[in-house]
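Written below as structure tokens is the structure these notes are about.
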Amino acid sequence: MQGLVETLARINGYIALSAGIMLLVAVVAILTDVAMRAYGHPLGGTDELSGYVMAIATAWGVSYALTERAHVRIELIRNKLIPAGRAAMDLISLAALAGTAIVIGWRGWGVLASTLANDSRANTVLATPLAWPQTLWFAGWLWFAVSALLLLASCLVFVIKRDWSAVDDVAGVKAEL
Amino acid sequence: MILFTTSGLFTLLLASIPVGIILILLSIALDTFFSPFPLMRGLGQVVWSSSNSGTLIAIPFFVLLGEILVRSGVASRTYNALNSWLSWLPGGLIHANIATSTLFSATSGSSVATAATVATVATPQGDRLGYDPRLFTGAIAAGGTLGIMIPPSINLIVYGFLTETSIPRLFLAGLLPGILLALLFMLIVVALCVWKPSLGGQSPEYDWGQRMRGLPDLLPVMGLFVTIVVTIYAGIATPTESAALGVVFALIIAGLNRALTLDMLNEALRGTIKTTSMIMLVVIGAYVLNFALTALGISRQLQQLLEGLGLGAYGTLMVIVLIYIVLGFFIETLSLMVATIPIVVPIIESFGFDKIWFGILMIVLIEMALITPPVGLNLYVVQSVRKRGKMADVVAGALPFVLIMLGMVGLLILIPGLALWLPAAL
């Protein structure tokens with residue numbers, strides 16, 4: 001189980017790095033556009049494309065933030081509890097997250113499915129086929145649901161084993177520094 | 001329905017479920033219990049359109065800029081250079097704490113990273129020169145909050161996005177109050193140190209030659225700040241474009257400092273994705289809740305309820321300010337801001353207040369939340385960097401600055417022009 005969690009964390013780390021590199025590419029594209037505009041030949045379309053980059057980077061990044069335990073939680077009560085109580089709250093919190101992630105993935109599929117059915121294109125000069133960015137976007141949220149379910153399963157195993165520190169490692173709150 | 005939403009929000013928050021998830025769960029619950037038609041069928045579309053934004057991509061750019069900047073090693077040089085200019089003031093080194101945190105957090109857009117970086121550079125010197133640890137550390141925590149007000153500010157981008165307000169105008173509105181707050185912070189340090197000199201410590205003496213030689217060290221951060229702000233205000237670039245420019249600028253600074261390595265870039269990029277998606281999950285949640293509340297007409301209900309109380313515009317504003325102060329003790333700042341925008345801003349607008357002005361007022365209140373216990377992120381960060389003494393020291397040291405912020409809230413309400421003059425004049 002620990003191996004599974006570590007592998008997931010490592011994969012999400014590489015995903016984050018790839019998303020970060022995609023951001024750097026967007027930086028270069030945007031600046032090229034600005035430079036070309038100064039010479040009167042704007043490239044155009046970078047705003048649209050950077051929107052897609054943002055949506056895709058977010059969709060994949062939420063899984064990294066999840067395995068890094070970075071999603072914001074209010075710890076007011078949690079901090080006052082004994083380890084078993086904390087583990088219970090972590091489990092509930094992770095279950096709520098996994099459930100919501102599944103709903104987002106399901107509704108996200110609805111968006112992609114209707115794009116595919118209508119062969120929708122963006123209402124812009126580029127007329128991008130929306131299926132391209134939306135497939136990458138949907139895949140990211142799907143991966144979020146998968147990551148959450150894998151973590152939830154490991155968390156459950158640790159709870160049954162009464163291994164509270166392992167629960168904290170998987171689903172707890174990471175100190176800011 | 002109003003009771004359901006607010007009580008649901010607080011119960012789930014206390015259950016320590018991630019804030020972004022709570023906002024979506026709440027929307028699903030509102031849909032299930034109150035909506036005559038299935039709202040959540042639109043959930044996917046709302047998630048897509050709230051993150052597919054060429055405006056919001058400015059957020060990861062500013063985060064990345066900050067991640068690179070704090071790893072570039074310019075903090076200590078900036079600190080020493082600022083100190084050479086400010087050390088003659090009563091309170092000596094403390095002014096360098098405030099000025100460095102202000103400048104760094106303004107540019108990097110991150111209060112937490114700034115507080116950590118400046119605390120690392122400053123605390124050894126403060127200890128060596130015999131400063132009172134309370135005021136010394138409190139000043140770092142407080143100075144670090146100013147970055148969310150002084151442009152470029154990630155919080156203002158989020159506010160502008162969620163309330164459909166112009167981000168460049170919000171940036172302009174934050175400039176004067178932000179700088180004023182920094183000056184007032186320094187003023188109260190002077191006052192305190194004149195009244196009780198033991199709060200300060202030794203100030204090394206600098207001559208004009210040393211000050212001038214320090215100027216090049218100020219150039220990187222100052223230059224970065226000025227470039228970003230001027231390109232936005234002059235209308236040369238959108239906030240996104242100037243953020244992209246800032247990233248390249250920060251890379252150059254790190255390169256010149258020989259701090260630009262693959263390892264460093266790897267860490268900075270991962271850190272950027274982590275922070276960005278953490279912010280975005282909350283933003284997406286707020287967008288979903290916004291969608292549900294608007295569809296259900298809850299804002300109108302709330303407004304009628306508040307008007308029924310007969311408090312009037314300013315009475316209602318006072319209640320809202322008080323609620324923020326109280327919530328700010330307990331709730332982390334971005335969540336506090338984002339989770340309440342869908343509910344509070346329509347009310348504020350219906351009473352005839354300006355949305356841009358309220359954005360700035362809200363930022364001061366959020367800044368206060370960063371340095372009020374028990375949940376004050378900057379207090380924890382500074383304490384965890386200095387690794388000794390008690391948390392209570394930092395809390396006590398931040399208190400004078402909390403009072404200044406309260407004063408600022410009053411000032412903004414009495415003189416809205418403080419925020420609105422600059423956007424109107426340009």
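All values below come from the heavy atoms of this structure, side chains included, with hydrogens, waters and symmetry mates left out. In the text below, chain A, chain B and the rest are named by the order of the sequence lines, each starting its count at 1.
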Part of Leu24(A) lying under 4.5 Å from any heavy atom of chain B: side chain
Can I get a per-line list of side-chain donor-acceptor pairs under 3.5 Å for residues 52-61 of chain A, giving both atom names and the distance, sequence neighbours left out?
unit_1, atom_1, unit_2, atom_2, d
Tyr52(A), OH, Glu48(A), OE2, 2.7
Thr58(A), OG1, Met54(A), O, 2.7
Trp60(A), NE1, Leu136(A), O, 3.0

- line: Rounded to the nearest 0.5 angstrom, the CG-CH2 distance for Leu130(A) and Trp48(B) is 6.0 Å
query: Do you know which of Leu31(A), Asp47(A), Val28(A), Thr46(A) has the most heavy-atom pairs under 4.5 Å to chain B?
result: Leu31(A)
message: Closer than 3.5 angstrom, by distance alone: can the side chain of Arg73(A) be matched with the main-chain N or O of Ser16(B) as a donor-acceptor pair?
response: yes
Distance (rounded to the nearest 0.5 Å) between Ile273(B) CD1 and Ser63(A) OG: 11.5 Å
field: Part of Leu97(A) lying under 4.5 Å from any heavy atom of chain B
entry: both
- line: Of Gly110(A), Gly13(A), Ala96(A), the largest count of non-hydrogen pairs under 4.5 angstrom with chain B goes to Gly13(A)
field: Pick from Trp137(A), Trp141(A), Trp109(A) with the largest number of heavy-atom pairs that fall under 4.5 Å of chain B
entry: Trp137(A)
message: Taking every non-hydrogen pair under 4.5 Å, which of Ile24(B), Asn266(B), Leu251(B), Leu265(B) racks up the most with chain A?
response: Asn266(B)
- request: To the nearest 0.5 Å, tell me how far Ile77(A) CD1 sits from Phe330(B) CZ.
  value: 11.0 Å
task: Write down the atom of Ala237(B), the atom of Arg37(A), and the distance for their closest heavy-atom approach.
output: CA-NH2, 4.4 Å
message: Report which part of Leu14(B) has an atom under 4.5 Å of a heavy atom belonging to chain A: side chain, backbone, both, or neither.
response: both
- prompt: For Ile22(B), is it the side chain, the backbone, both or neither that has a heavy atom under 4.5 Å from a heavy atom of chain A?
  reply: neither
task: Evaluate the side-chain proximity of Leu23(A) to Ile57(B): yes if any heavy-atom separation is below 4.5 Å, no if none is.
output: yes
- prompt: Measuring heavy-atom distances to chain A, does Ile236(B) have an atom under 4.5 Å in its side chain, in its backbone, in both, or in neither?
  reply: backbone
- request: With a 4.5 angstrom heavy-atom cut-off, could you sort out which part of Leu64(B) is near chain A: side chain, backbone, both or neither?
  value: side chain
statement: If you tally heavy-atom pairs under 4.5 Å between each of Val34(A), Val72(A), Asn12(A) and chain B, the highest tally belongs to Val72(A)
query: Quick one: CD1 on Ile104(A) to CG on Leu281(B), what's the gap to the nearest 0.5 Å?
result: 6.5 Å
message: Can you confirm whether more than 12 heavy atoms, excluding those of Asn123(A), are under 6.0 Å from its CG atom?
response: no
field: Segment of Phe61(B) engaging chain A (4.5 angstrom heavy-atom cut-off)
entry: side chain
Residue, of Leu269(B), Ile17(B), Asn52(B), Val288(B), that accumulates the most heavy atom pairs under 4.5 Å with chain A: Asn52(B)
- prompt: Atom CZ in Arg270(B), atom CD1 in Ile15(A): separation rounded to 0.5 Å?
  reply: 10.5 Å
message: Given Ile30(A), which partner from the list Thr240(B), Leu245(B), Val247(B) fulfils the side chain to side chain contact (heavy atoms under 4.5 Å, CB included) test?
response: Thr240(B)
- prompt: Between Asp90(A), Leu49(A), Val62(A), Ile21(A), which residue shows the highest count of heavy-atom pairs closer than 4.5 Å to chain B?
  reply: Val62(A)
message: Among Pro60(B), Gly54(B), Ser51(B), Ala268(B), which residue has the highest count of heavy-atom pairs closer than 4.5 Å to chain A?
response: Ser51(B)
query: Which atoms of Ser53(B) come close to chain A, meaning under 4.5 Å heavy atom to heavy atom: side chain ones, backbone ones, both, or neither?
result: backbone
Minimum heavy-atom distance Met278(B)-Ala65(A), with the two atoms named: N-CB, 4.4 Å
